[in-house]
Peer 1: 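Below you will find the structure I want to go over with you.
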Amino acid sequence: MNKISTKLATYFFLVVLIMDIFLMFYLHRNIINSKVDEELSTLLANGANHRDVLMEHYSDVTIKHIVLMERDANREVIITDQQGAILGKSDINVTHIEQLNPILTGLHTEEDKILVSNWRDSPYIVSAHPYKVNTGQSGYVIMFFSTAAINGMVEDLTMHFGIAGVTSFIVLFIVYAVLSNVITRPLIRMKEATEKLSEGDFHVRLTVNSKDELGELAGSIQKLANDLERLKSERNEFLASISHELSTPLTYLIGYSKVVSRGDLTEQERVQYLEIIVEESNRMKELVKNLLELARMDENSFTVKKAFFAACPFFEDIHKLVEPSFSLKNIKLRLHCEGEYQLFADALRLEQIVINLLDNALNYSDEQSEVILHVSQNEEKTIISVKDSGIGIPAKEIDFIFEKLYRVEKSRSRAFGGSGIGLSVVKELVEAHGGTIEVKSKHGEGSTFTITI
Ligand SMILES: Nc1ncnc2c1ncn2[C@@H]1O[C@H](COP(=O)(O)OP(=O)(O)OP(=O)(O)O)[C@@H](O)[C@H]1O
Ligand SMILES: [Mg+2]
């Protein structure tokens, strides 16, 4: 009984039933009433006709003729005189006349009158038509119409209505079957799909055939399943990358710590190995810091504290900070920033953004190349671009580089030491500032990242 289709069918059933009952009752009553009315007026008209004829040509022959005229199956006639004696009658059963006697003997009417209209219980409906002839004779023409015909019609009508009722029940069952097919089945499939999802099985295939709300719901569940499947594989890839990223420096740390603890090293070797240990530890620290940053961004728990500060001195400081790393790789880092405009941003976050981009430019450029950091102002916005002439990004990969842990040609980036977090952090930070980031790149020729904030 919890099925939606059963509920719908029940409501549908009740509505149809109430409508059916009302309609049938209304029609039944009206059809019968109008039929009875029609018969009564025919009876009155015939009676009046006979009476008129009788009054014009009062004679035994006329009485006989009138009686002969009412020899059909449903109608009968009696003609009486003033005292109630029967002057002429058709084939009507004597007992019916006797039953009518109490009415006929006390009958005093100047006008045509329906004597019996109860068609349900009485065998005839009866009308009386008084006549009075100049020669002094008077009496009644009494007309009878057999109610068997009306009762037969009522029976027929009731049977037809019964057939209509049964047909509507059958239609109702067909509707129920269709409803359960069209509504319940897809719902059951969706329920099974969501159960599979909650158990962690994301291989869900829901076929969306209809364009209605059910189709949309199935589409949404399918999308959810696809997203969860993608997230799951991303998470696995993420964990694999993290373990790889952490295990490489750890291997160095363990190896070099063992070497350093040996007693047979020269002072110079010990310093060299300790430097490697410090370098690797820093790399790990950096990675863990980035991961934490990413986790906090996912929770939206970081805040951007904007303030006004002078643009060019800010970028000059960054240039000073990173320049040595560029010189070490023989790459020229140039800064173009002119004018005295102010920036409205979170200085710490903006520094993080720019350093990340410069870090990429450094990592993915060859020696002897050039990297340009260009800052300009356009109306209310500041445009910051980092242009390198390094290895570039293949066109088919460009849409994905801002995704977490995405690296172009994984082996290539790993060789460069990246973990695929930098740009996703940059994007989140830029968006938190209400800005945008764009990239133009040609494989083998270089890339330009442009931020507008
Ligand atoms: N300037 C660039 N030139 C060429 N490829 C780039 C450049 N910047 C980013 N990429 C590609 O985009 C990928 C994603 O960059 P992202 O900065 O997010 O990660 P990463 O540099 O690999 O690691 P990290 O988290 O240490 O920054 C990189 O792996 C690299 O392949
Ligand atoms: Mg990077």
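Counting convention: from 1, in listed order, for ligands and their atoms alike.
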Peer 1: Look at the side chain of Ser122 and the backbone N and O of Trp119, then say whether any donor-acceptor pair between them is shorter than 3.5 Å.
Peer 2: no
Peer 1: Enumerate the residue pairs fulfilling side-chain hydrogen bond (donor to acceptor under 3.5 Å, both in side chains) with a member in residues 188-198, sequence neighbours excluded, ordered by first and then second residue.
Peer 2: none
Peer 1: Considering the heavy atoms of Phe449, write down every atom of ligand 1 situated less than 4.0 Å from one of them.
Peer 2: 1 (N), 8 (N)
Peer 1: Any sub-3.5 Å donor-acceptor pair from Lys329's side-chain atoms to Ser365's backbone N or O?
Peer 2: yes
Peer 1: Test your reading of the structure: does Ile391 have an N or O sitting under 3.5 Å from an N or O of ligand 1?
Peer 2: no
Peer 1: Is Lys332 salt-bridged to Glu370, cutoff N-O under 4.0 Å?
Peer 2: no
Peer 1: Only counting residues at least two apart or in another chain, list the ones meeting salt bridge (charged side-chain N to carboxylate O under 4.0 Å, His left out) with Lys35.
Peer 2: Glu39
Peer 1: How long is the straight-line distance from CE of Met143 back to OG of Ser90, given to the nearest 0.5 Å?
Peer 2: 8.5 Å
Peer 1: One residue to check: Asp388. Relative to ligand 1, which of side chain, backbone, both or neither has a non-hydrogen atom less than 4.0 Å away?
Peer 2: side chain
Peer 1: Looking only at non-hydrogen atoms, which of Asn356, Ile401, Leu362, Asn360 approaches atom 8 (N) of ligand 1 most closely?
Peer 2: Asn360
Peer 1: Below 4.0 angstrom from a heavy atom of Gly392, which ligand 1 atoms are there? Numbered from 1 as shown, please.
Peer 2: 4 (C), 5 (N)
Peer 1: Hey, looking at atom 15 (O) of ligand 1, which of Asn363, Val408, Leu423, Leu358 has the closest heavy atom?
Peer 2: Leu423
Peer 1: So, regarding Asp359 and ligand 1 (criterion: nitrogen or oxygen to nitrogen or oxygen, under 3.5 Å), is there a contact or not?
Peer 2: no
Peer 1: Evaluate the ring planes of Phe402 and Phe449, with Trp represented by its six-membered ring, and classify them as parallel (under 30°), tilted (30 to 60°) or perpendicular (over 60°).
Peer 2: perpendicular
Peer 1: Report, in ascending order of atom number, the atoms of ligand 1 lying under 4.0 Å from any heavy atom of Ile393.
Peer 2: 4 (C), 5 (N), 6 (C)
Peer 1: I'd like to know if the Mg ion (ligand 2) has an N/O/S atom from Asn363 within less than 2.8 Å of it, counting both backbone and side-chain atoms.
Peer 2: no
Peer 1: Measure Phe402 to ligand 1 on non-hydrogen atoms and call it side chain, backbone, both or neither using the 4.0 Å cut-off.
Peer 2: neither
Peer 1: Could you check whether any heavy atom of Ser447 sits closer than 4.0 Å to an atom of ligand 1, since that is the contact criterion I want to use?
Peer 2: yes
